[in-house]
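Let me begin by presenting the structure, written as structure tokens, before commenting on it.
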Amino acid sequence: MKSLYNRTSTFNGIYFLLLINRTQMHYYVLIMPVYLVHSYMIWGIVVMGLLSQLNVMLLSKWFTSSYAAKGYQGFLQLFGKRMVQVFAIFGLLIILLKISILSLGYVEMLHSFIYPSMDKKWLILVILLISLFVASHGMEKTLRFVVIAFLCGAWILIVFIPFFFPPIANYRDLYPLIPTEWSGQSWQGLLFIWSAYSGSVYLAFMVPWLSSNKKITKYLVIGNMLTIIEYLLLFIATILFYGSSFLSKINFPVVYMGSYIETNALDRIDYILISFHMFNYVFDISILLLCFYGAIRVIMSKMNERTTRIGLLSSWFVILISIILMNQWLWQSVPGQKMLLNIQIWLGAFIYLLVPTILFIAVKRKESI
Amino acid sequence: MVLYKHYGILVIVSLMWMSGCSSPFVENNMIEEIAPVVFWSVDKGAEGKLKISTLVPPLIQEEKRLLSNEVDLLKQGGKEFNLIYYRELKQGQLRMLLINEELAKEGGIEKLINTILVDPDISMRVYLLVVRGDFDEYIKNQLTKQENQDYFLYRMLEHYEEHNQGEMSIVNIHQFMKRLYSPLKDPILPVFHSDKNNFNYVGTAFFQKDKEVMVIQDVDDEIFQLLDNDHFLKILAIPKLSISLGRIRSNVRMKLSRDYSSLSLHVRLTGRIEEYHGENNIQKEEQLEQLIHEIEVHLEEQTSDLLKRMQQWKVDPLEVGTYSLKPFSKEITDEQWMEYWENMKINVDYDIKLYPLINVERLL
């Protein structure tokens, strides 16, 4: 059996662009408008996006460093074996939580729009099976799957163009453009945006495939820019469509907007949009699944041994069980769901802040010695 | 690599197993066994109940009949119809919700409409209509005269919605709810009159929250289409001046004074004279000017009167309040706005550009 983590060729710049962009577009984007609500949060998206730009530049420094090129060995040299294992344990939990929230969020959407009478466990099982299928092709192929995820996800924005024109849009709905009052909720909104940008941080650990000596900063920055534009387009479209006060009453505003676009030939465009979103989720989940398995291997110090089918399957199984339990115990109640989302938002924000900085400082320190 | 292909088989096998041993798919949408509902007509029933009715089966060559039922809740009605009719009623194709005027005047239709809005099975483009009179009586009477009357009704609404051509105010659920929930906006709905033989458009109803407070018709409704709703009218007939104007486009400018004490409304109309039965010779430039001036004065009076009534009833369907929003200052609340709106001085100014379909003597 060929290893899951083999590397046969290097990725060129355009892959970096797509990877950054796609890892930042997921569940959060679809529920983001409900959290932001006020039109002045447009500036929040822009400011946080620019800050994320700095982070992405730090990441690109890491990708081009000599330690990154060595992959796992590079991490060992930087932090020592013990430390790497401790990091991996933290990472394992963070990844587990992220996969769970992603799949639970998507499944909830599927459940409420397309299969309202189906037991959610089936939907969880199906989406994880598809991700397992993708992940079983190995890291390299999964990373290349980003092209499909991008092609299937990016065109959806075009569908939202009609929302920018009258009679649907009335631009006075956007006023006032500056915050007239600032509350704890507004801070949370900013945190939420920052956390939404955080998806790209996982790329830091895929250095064996991604590290390169080429100039990739440009591509990373453009990828992040694309994300900012996508966030802005979606958010402004929802504000124009609903207006702030109506927006806070809707659970999946973006999907409902999809169903508002009707043509004579196709009635329920939202079904098509939700289905196409699946590619993005599958990509995200399968990447994280491989990371999860990788982290287990690091913890058990089996990095030098071959990957096994049992290993991948059992990590998949752990994820499946924990998602089903999380769904049973937490997600189905409002306080539980709120708690999970809040933990994920805070964790996402923290790791996005810490990981690139720590890596950058560690490399700088080693180099200066 | 070869071994991994088995995962694909694993996926397929589990899918088959899933659909086989326990069925997660409860919905049965066999087209031969269901009856998609095209409209719900909701009326006031006895003792605070709702009387809802619909026509079944729509669009299938089978004898049609009107089902109606008195229930407490809308969805309960849908369920109870299944018990008295041999097909299962499905709401996915719901296109119209007709609400009796009595119910609309009472207020509280928000809950009713919200039920339809939040249902992911039902499109947000369901048309909302207020019906004056007994719709059930009409549709029952039409059963024998014209088949598929309910569907044709839907096609009519769709026809006039498509290009906003100014015959009717057509409102769907989303538009109604957006205006209902947003501050500084009041919802509107079209009103139709219905009796045994006729079903016709009356005018536009203005709502205070979810309660109907006034209905405008005829010239008032036409002016309303010009001012806000469509900004276009195919025909504007002014019998008083014996003239019909056609293909009118309007360009409306509203200007609020800084302290919200006055509003100046400037309307520019362009169109053509399609019919004239009056005394003036509109081939003469002077007399044409004279006529246009008369039309301006007439419309200004009518519009001022309409706006005054809106102020009296404390409704703002023209969304004048949104003009108080500015990019860099705090928005005013609904209550504050209503106070300003009630006492606002309104200055209406029409500027009409018309060309007759006959030659006007331009030479000296």
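Residue numbers begin at 1 in each chain, while the letters A, B, ... track the order of the sequences.
For chain B, no part of A:K121 is nearby; none of its heavy atoms comes within less than 4.5 Å. Using a 4.5 Å cut-off between heavy atoms, B:K178 touches chain A through backbone and side chain atoms alike. With a 4.5 angstrom heavy-atom cutoff, B:S329 touches chain A only via backbone atoms. Both the backbone and the side chain of A:Y256 come within contact range of chain B, judged by heavy atoms closer than 4.5 Å. B:I122 touches chain A through its backbone: at least one of N, CA, C or O sits under 4.5 Å from a heavy atom, while the side chain does not. Using a 4.5 Å cut-off between heavy atoms, A:F241 touches chain B through backbone and side chain atoms alike. Of the atoms belonging to A:N251, not a single heavy atom falls under 4.5 Å from chain B. Contacts between A:Y115 and chain B at a heavy-atom distance below 4.5 Å involve the side chain alone, from C-beta outward.
Contact tally against chain B (heavy-atom pairs below 4.5 Å) for A:S39, A:S259, A:P179, A:S245: the top residue is A:S245. Here A:P176 is the residue among A:G243, A:S244, A:P176 with the most heavy-atom pairs under 4.5 Å with chain B.
Within the 4.5 Å cutoff, the side chain of B:L184 has heavy atoms near those of the B:D334 side chain. A:N170 has its side chain within reach of B:E319: a pair of non-hydrogen atoms, C-beta onward, lies under 4.5 Å apart.
Of the possible polar contacts, none joining the A:Y293 side chain to the A:L313 backbone as a donor-acceptor pair under 3.5 Å is found. The backbone N or O of A:W331 lies less than 3.5 Å from no partner atom in the side chain of A:N327, so there is not a single donor-acceptor pair. When atom types are taken as modelled, the side chain of A:Y242 and the backbone of A:P253 share a donor-acceptor pair closer than 3.5 angstrom.
Judged by a 6.0 Å distance limit and a 45° cone about the ring axis, B:R95 is not positioned over the six-membered ring of B:Y127.
The two residues A:E181 and A:S186 make their nearest non-hydrogen contact at O-OG, 4.4 Å.
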